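Convention: sequence-line order gives letters A, B, ...; per-chain numbering from 1. Side-chain atoms are counted along with the backbone in the values below, which use heavy atoms only and exclude waters and symmetry mates. Only a predicted model underlies this, so the values are computations on that prediction, with no experimental measurement involved.
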Amino acid sequence: MDLRLKKQSDFNEVFRKGKRSYSKNLALIYIKKSELKVGISVSKKHGNAVKRNKIKRLIRAAYYPFLEKLPNYHIVFLPKTGIDFSYNDLLDDIKYLLKKEKLIDEENFN
RNA sequence: UAAGUCGGUUGUGUGACUGCGGGGGACGGUUAUGCCGUUCAAUGAGGAAAGUCCGAGCUCCAUAGAGCAGGGUGCCAGAUAACGUCUGGUGAAGGUGACUUUAAGGAAAGUGCAACAGAAAACUACCGCCCGAAAGGGUAAGGAUGAAAAGGCGAGGUAAGAGCUCACCGCUCGGUUGGUAACAACUGAGGCUGUGUAAACCCCACCUGGAGCAAGAUAGGGAUGCGCUAGAAGAUUGCUCGUCAUGCGCAAACGCAAAACGUCGCUAGAGCCGAUUGGUGACAAUCGGCGUAGAUAAAUAGUCACACUAGACAGAACUCGGCUUAUAGACCGACUUACUUU
RNA sequence: GCUGAUGUGGCACAGACGGUAGCGCACCGCCUUGGUAAGGCGGCGGUCACGGGUUCAAGUCCCGUCAUCAGCU
């Protein structure tokens with residue numbers, strides 16, 4: 001099952017209609033749909049291709065443990081610019097955001 | 001030992017666990033050479049993958065031809081599939097030297113431009129010098145300007161001067177020798193005249209159809225309507241000619257289909273590594289070995305441990321050959337100059 | 001990925017053929033007004049995106065780099 005959000009039109013819909021939530025390093029945008037799909041959008045302002053790829057990999061690795069517990073939403077992660085990212089910071093941010101928006105039940109954590 | 005020149009290699013590594021991409025094996029499910037699931041062991045970014053500046057392959061443009069225009073290259077010889085690349089040489093410039101740099105054809109085919117200053121920027125003559133009573137004539141040594149001023153310097157010569165004459169240097173034309181050639185050396189003649197700019201137009205020689213994998217293929221039938229009809233139409237940079245009649249182009253009910261962000265193209269290629277031989281070298285030939293990413297919102301990550309020099313620049317997107325640009329360091333080889341010692 | 005175009009004062013733009021970089025708005029000072037705006041006069045402000053080359057001389061010609069903006073599925 002492919003859980004990646006791919007299509008330009010889907011991204012546009014999420015950006016236009018989605019609910020936004022912010023943490024220190026990340027923005028989370030989501031919209032309720034019939035299936036679960038997760039995408040990442042990294043701006044060109046983050047630097048060259050190597051740096052952008054690195055950020056995408058870190059985010060992907062960080063949300064992966066929660067993937068099976070998420071309900072049916074289209075979700076886009078949007079990292080902020082001007083920050084040095086690390087895996088642990090992103091993990092904390094994602095936990096905080098998912099809890100804050102009640103996308104995951106308390107008892108399902110850990 | 002110090003300072004320097006040139007060339008080459010490398011571009012964090014190791015282990016454990018959890019993951020990702022594409023392919024393969026085994027097993028299972030299913031009507032299926034397909035699809036799905038489980039599992040196993042292998043495999044998975046660069047020297048520049050970058051910029052897209054050249055050159056090729058490949059694909060399409062009904063034909064792919066000719067001429068002009070346009071564009072490119074520009075010392076000579078070679079290498080190469082090809083090139084604007086590379087190698088070896090020649091000339092010029094720089095450096096004590098190792099060595100480096102070099103878009104380096106033609107200005108006597110023609111045209112243009114050379115601001116300001118200066119008499120004059122190319123058929124020169126203001127001041128000056130000389131002859132002369134003057135009118136006028138002969139001159140270009142000296143002067144000032146400028147980036148550039150009419151071969152340079154010395155001697156003779158003269159009314160004053162001047163290649164007017166002579167020596168040396170430079171230039172032009174010719175000869176001999178060496179070299180495949182660019183060219184070099186030697187030598188003879190001419191007396192000297194035409195400054196610079198061709199990365200200004202241009203001339204000469206050679207090369208050149210256009211677009212690009214977002215190319216293109218996967219399917220091509222079609223009642224009927226409209227347009228075009230040989231100075232028309234065609235996705236083909238422009239113009240002319242040639243070529244295209246089982247006419248062409250556009251729209252299109254209907255019909256076909258698993259379907260168009262899919263599938264193929266998509267990775268074995270002028271391939272890489274090693275040795276030998278030929279060549280100054282680029283490179284070529286022969287022999288042996290290797291099987292080495294193929295994604296499509298796009299795969300290399302996370303955690304822990306250890307090592308050291310504490311990790312720079314940076315991510316394949318059809319594929320090669322170059323060029324250019326970015327780059328922390330580490331290592332190897334050849335050579336030069338200076339000093340010291342033998 | 002491929003193909004093009006553009007970079008000139010703070011902002012929008014000129015600058016065919018190489019020869020002292022200009023215009024408008026903005027800004028500053030003065031005049032005008034009781035004061036402001038408008039108007040008038042004067043002035044400031046540029047490594048012509050960056051680095052090389054050709055030329056006596058480059059914003060202009062040639063080569064490379066960087067940035068920005070378009071188009072092609």
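For the pair Leu26(A)/Leu78(A), no side-chain contact is recorded, criterion being any heavy-atom separation below 4.5 Å from C-beta on. The side-chain heavy atoms of Ile40(A) and Val76(A), taken from C-beta on, include no pair separated by under 4.5 Å. Contact check for Ile31(A) versus Tyr73(A): no side-chain heavy atoms found under the 4.5 Å cut-off.
Nucleotides rC173(B) and rG194(B) are separated by 16 Å at their P atoms, to the nearest Å. Straight-line distance between the P atoms of rG281(B) and rA270(B): roughly 28 Å, to the nearest whole Å. Distance noted for atom P between rC48(C) and rA3(B): 40 Å (whole Å). A gap of 45 Å separates the C1' atoms of rG137(B) and rU20(C), to the nearest Å. Comparing the C1' positions of rA251(B) and rA223(B) gives a spacing of 14 Å, expressed to the nearest Å. Spacing between rU195(B) and rU208(B) at atom C1', rounded to whole Å, works out to 38 Å. Rounded to whole Å, the C1' atom of rG170(B) lies 7 Å from the corresponding atom of rG151(B). If you take atom P in rG152(B) and the same atom in rG163(B), they sit 7 Å apart, rounded to whole Å.
Anti is the classification of rA312(B), since its glycosidic angle lies more than 90° from 0. The glycosidic torsion of rA45(B) lies within 90° of 0, which places this base in the syn conformation. Annotated as syn: rU267(B), whose O4'-C1'-N torsion sits within 90° of 0. Classified by its glycosidic torsion, rG163(B) falls in the syn category, the angle being within 90° of 0. rG47(B): glycosidic angle within 90° of 0, hence syn.
Ser86(A) meets the side-chain hydrogen bond (donor to acceptor under 3.5 Å, both in side chains) test with Asp89(A); sequence neighbours excluded. Applying the side chain to side chain contact (heavy atoms under 4.5 Å, CB included) rule to Arg20(A) yields the partners Phe15(A), Tyr22(A), Ile29(A); only residues at least two apart in sequence or on another chain are considered. Residues that satisfy the side-chain hydrogen bond (donor to acceptor under 3.5 Å, both in side chains) test with Tyr30(A), not counting sequence neighbours, are Glu101(A). Every side chain to side chain contact (heavy atoms under 4.5 Å, CB included) that Arg52(A) has, sequence neighbours left out, goes to Val42(A), Lys44(A), His46(A), Ala49(A).
Distance NZ/Lys56(A) to OG/Ser41(A): 9.0 Å, rounded to 0.5 Å. Once rounded to the nearest 0.5 Å, the distance linking CD1 of Ile59(A) with CZ of Phe77(A) reads 7.5 Å. The structure places NZ of Lys24(A) at 13.0 Å from CG of Leu97(A), a figure rounded to the nearest 0.5 Å. Within the model, atoms CG of Leu90(A) and OH of Tyr63(A) stand 12.5 Å from one another, a figure rounded to the nearest 0.5 Å.
With a 3.5 Å ceiling on both atom-pair distances, rG315(B) lacks any Watson-Crick or G-U wobble partner. Nucleotide rU59(B): paired with rA211(B) (Watson-Crick or G-U wobble, both distances less than 3.5 Å). Using N1 to N3 plus N6-O4 or O6-N4 for Watson-Crick, or N1-O2 and O6-N3 for G-U wobble, each under 3.5 Å, rC68(B) pairs with rG238(B). Across all strands shown, rA338(B) forms a Watson-Crick or G-U wobble pair, both distances under 3.5 Å, with rU1(B). Of the nucleotides present, rG221(B) is the one that pairs with rC254(B) by Watson-Crick or G-U wobble criteria, both distances under 3.5 Å. Across all strands shown, rG15(B) is found opposite rC304(B) as a Watson-Crick or G-U wobble partner, with both distances under 3.5 Å. Of the nucleotides present, none pairs with rA260(B) by Watson-Crick or G-U wobble criteria with both distances under 3.5 Å. Nucleotide rG329(B) has rU10(B) as its partner under the Watson-Crick or G-U criteria, with both atom distances under 3.5 Å.
Between Ile59(A) atom CD1 and rC20(B) atom P there is a gap of 19 Å when expressed in whole angstrom units. In this structure, CG of Asp92(A) is placed 12 Å from P of rU303(B), rounded to the nearest angstrom. Atoms CZ (Arg52(A)) and P (rA316(B)) sit 10 Å apart, rounded to a whole Å. For the pair Tyr63(A) OH and rG19(B) C1', the computed distance is 12 Å after rounding to whole Å. Residue Lys51(A) contributes atom NZ, which lies 9 Å from atom P of rG315(B) at whole-angstrom precision.
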Within the 4.0 Å limit for protein heavy atoms, which parts of nucleotides 294-301 of chain B are touched? Write it as a string from 5' to 3', B for base, S for sugar-phosphate only, - for none.
---BSSSS
Which dot-bracket notation, 5' to 3', represents the base pairing of RNA chain C when pairs are defined as Watson-Crick or G-U with both distances under 3.5 Å, crossing pairs as [ ], and inter-strand pairs as |?
(((((((..((.(.....[..).)).(((((.......))))).....(((((..]....)))))))))))).
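Across the interface with RNA chain B, nearest-nucleotide mapping of Ser86(A) and Val50(A) shows Ser86(A) to be the residue nearer the 5′ end.
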